[in-house]
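Note that this is a predicted model, so its numbers are computed, not measured.
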Amino acid sequence: MKLVPFLTATSLALSALPVMAQTEAIDNGALREEAKGVFEAIPGKMTAIKQTEDNPEGVPLTAEKIELGKVLFFDPRMSSSGLISCQTCHNVGLGGVDGLPTSIGHGWQKGPRNAPTMLNAIFNAAQFWDGRAADLAEQAKGPVQAGVEMSNTPDQVVKTINSMPEYVEAFKAAFPEEADPVTFDNFAAAIEQFEATLITPNSAFDRFLAGDDAAMTDQEKRGLQAFMETGCTACHYGVNFGGQDYHPFGLIAKPGAEVLPAGDTGRFEVTRTTDDEYVFRAAPLRNVALTAPYFHSGVVWELAEAVKIMSSAQIGTELTDQQAEDITAFLGTLTGEQPVIDHPILPVRTETTPLPTPM
């Protein structure tokens with residue numbers, strides 16, 4: 001995926017426009033049509049993933065894979081310590097994050113970056129802050145093997161799964177066409193299918209986009225207008241309000257070291273290309289009101305502050321307090337219906353299940 005320069009003459013001109021005055025009548029129809037040109041609503045249900053021009057039907061989601069993926073997502077025995085699961089850092093009940101600046105992993109180590117939400121992550125073009133995983137299946141493999149996270153190995157994961165008959169039967173049901181379905185690739189594919197169902201439709205913004213004028217307040221509508229007019233949509237667009245392209249953090253003015261740590265050079269660590277220094281994937285903004293603290297460094301706890309930092313650092317505009325308040329109010333309309341997931345009953349270990357290693 002290419003780095004997309006976004007500070008164009010057009011966005012510079014737009015950034016100088018004022019937000020709608022509080023007393024100015026709001027043309028809901030015009031605002032809605034403008035928004036439809038930039039954003040899409042979250043679908044009500046996912047039935048397939050990975051659709052392409054060559055394969056428009058994509059990969060179908062199946063009940064067996066989804067259920068297996070859910071169990072694996074919640075099972076801490078997929079980590080070497082038997083303590084850390086996918087749910088640990090991507091808590092379904094906390095907007096898909098853990099609410100920490102950076103996550104705590106194996107050996108009580110602090111991870112290098114803030115945990116991104118997995119809610120709606122299926123709509124991102126790539127995963128992780130630096131986009132090093134092409135899809136959710138590839139992403140699922142990373143934390144399992146990272147020494148600072150779950151500190152496990154593919155072979156040990158497969159051994160653990162094979163030690164429990166319930167898991168073996170679930171893999172056979174999920175991948176019936178395979179003679180030996182318990183593989184690390186299938187482990188990741190099942191988690192991907194479960195995570196593809198973790199979407200948050202029917203937000204106030206989505207209802208407004210569908211024609212419900214009353215779904216958003218006047219302040220939220222002013223915030224939507226300001227969001228589009230001040231250039232925020234150069235990075236935050238589409239169904240997930242971001243997650244599609246890479247941009248330098250601090251294109252106009254670099255934030256302080258507490259927000260942009262000098263030791264984390266972003267996508268450069270993946271590509272080793274100088275132009276990618278301090279370049280990160282644009283953060284998706286769906287449910288952003290639930291996912292503090294913000295940025296890859298996880299040091300900003302207030303959404304309004306994050307809005308002001310991005311405005312000055314990325315588009316060179318100092319928002320007024322009213323603009324920041326309006327945009328922050330609008331971002332609250334991106335909180336959709338949260339997935340309700342029953343914690344699964346996990347398969348029972350057997351005498352051949354590997355013992356946990358000390359943290």
Side-chain angles (χ1 to χ4, degrees), residues 6-8 10-44 95 117 119-120 123 199-245 247 282-292 294 302-338:
F6 66 92
L7 191 64
T8 63
T10 300
S11 64
L12 277 170
L14 287 174
S15 68
L17 293 175
V19 179
M20 286 184 290
Q22 294 192 47
T23 56
E24 183 180 337
I26 297 172
D27 185 335
N28 289 305
L31 182 62
R32 181 178 295 110
E33 289 308 307
E34 185 178 358
K36 283 183 175 181
V38 182
F39 310 113
E40 299 173 51
I42 295 283
T117 179
L119 300 184
N120 304 310
F123 303 121
I199 58 176
T200 61
N202 205 35
S203 69
F205 171 75
D206 289 337
R207 297 197 303 274
F208 173 78
L209 208 63
D212 183 358
D213 290 346
M216 292 169 58
T217 67
D218 285 353
Q219 182 184 30
E220 292 163 351
K221 292 170 185 174
R222 292 196 305 270
L224 168 58
Q225 187 70 62
F227 189 88
M228 294 188 289
E229 289 183 343
T230 57
C232 302
T233 54
C235 296
H236 302 286
Y237 59 87
V239 66
N240 216 11
F241 278 70
Q244 299 303 307
D245 298 310
H247 305 283
L285 298 183
R286 290 283 184 173
N287 305 292
V288 68
L290 306 179
T291 59
Y294 301 109
E302 298 299 326
L303 184 53
E305 182 184 354
V307 168
K308 288 184 176 180
I309 289 172
M310 291 303 289
S311 177
S312 60
Q314 300 302 102
I315 59 179
T317 298
E318 295 297 331
L319 296 176
T320 66
D321 289 342
Q322 187 62 60
Q323 286 176 314
E325 289 175 11
D326 291 348
I327 290 176
T328 302
F330 162 65
L331 292 176
T333 72
L334 302 182
T335 300
E337 295 177 353
Q338 301 299 293

Point to revise | Side-chain donor-acceptor pair present, N287, Q338, cut-off under 3.5 Å | key: yes

Check your understanding: Heavy-atom distance under 4.5 Å between the side chains of T200 and T335, does that happen here?
Key -> no

Revision key, fill the gap. One should read off an interatomic distance between T320 OG1 and K308 NZ, to the nearest 0.5 angstrom, of 8.5 Å

Review point. Between D212 and R32, does a salt bridge (Lys or Arg N to Asp or Glu O under 4.0 Å) hold up when you go through it step by step?
Key: CA-CA 10 Å; D212 183 358; R32 181 178 295 110; over 6 Å; no

Check your understanding: Can you find a pair of side-chain heavy atoms, one from L334 and one from F241, that are under 4.5 Å apart?
Key -> yes

Check your understanding: How about R286 and D206: do any of their side-chain heavy atoms sit closer than 4.5 Å?
Key -> yes

Practice item. Give the minimum heavy-atom separation between P201 and P43, together with the two atoms involved. Key: CB-O, 3.4 Å

Check your understanding: L319 and S311: which non-hydrogen atoms are nearest, and at how many Å?
Key -> CG-OG, 3.4 Å

Check your understanding: Just wondering, do F39 and M228 contact through their side chains at under 4.5 Å, heavy atoms?
Key -> yes

Practice item. Please tell me if the side chains of E34 and V38 come closer than 4.5 Å, counting only heavy atoms from C-beta onward. Key: no

Check your understanding: What is the distance from atom CG of L224 to atom CD1 of I327, rounded to the nearest 0.5 Å?
Key -> 10.0 Å

Exercise for review: Output yes when a side-chain donor or acceptor of Q244 lies under 3.5 Å from a complementary backbone atom of F123, and no otherwise.
Suggested key: yes

Point to revise | D218 side, atom CG; I26 side, atom CD1 - distance, nearest 0.5 Å | key: 4.0 Å

Review point. Are the ring centres of F227 and F205 closer than 6.0 Å?
Key: no

Check your understanding: Just wondering, do F208 and K221 contact through their side chains at under 4.5 Å, heavy atoms?
Key -> yes

Review point. If every non-hydrogen atom of E318 is compared with every non-hydrogen atom of Q323, which pair is closest and at what distance?
Key: O-OE1, 4.4 Å

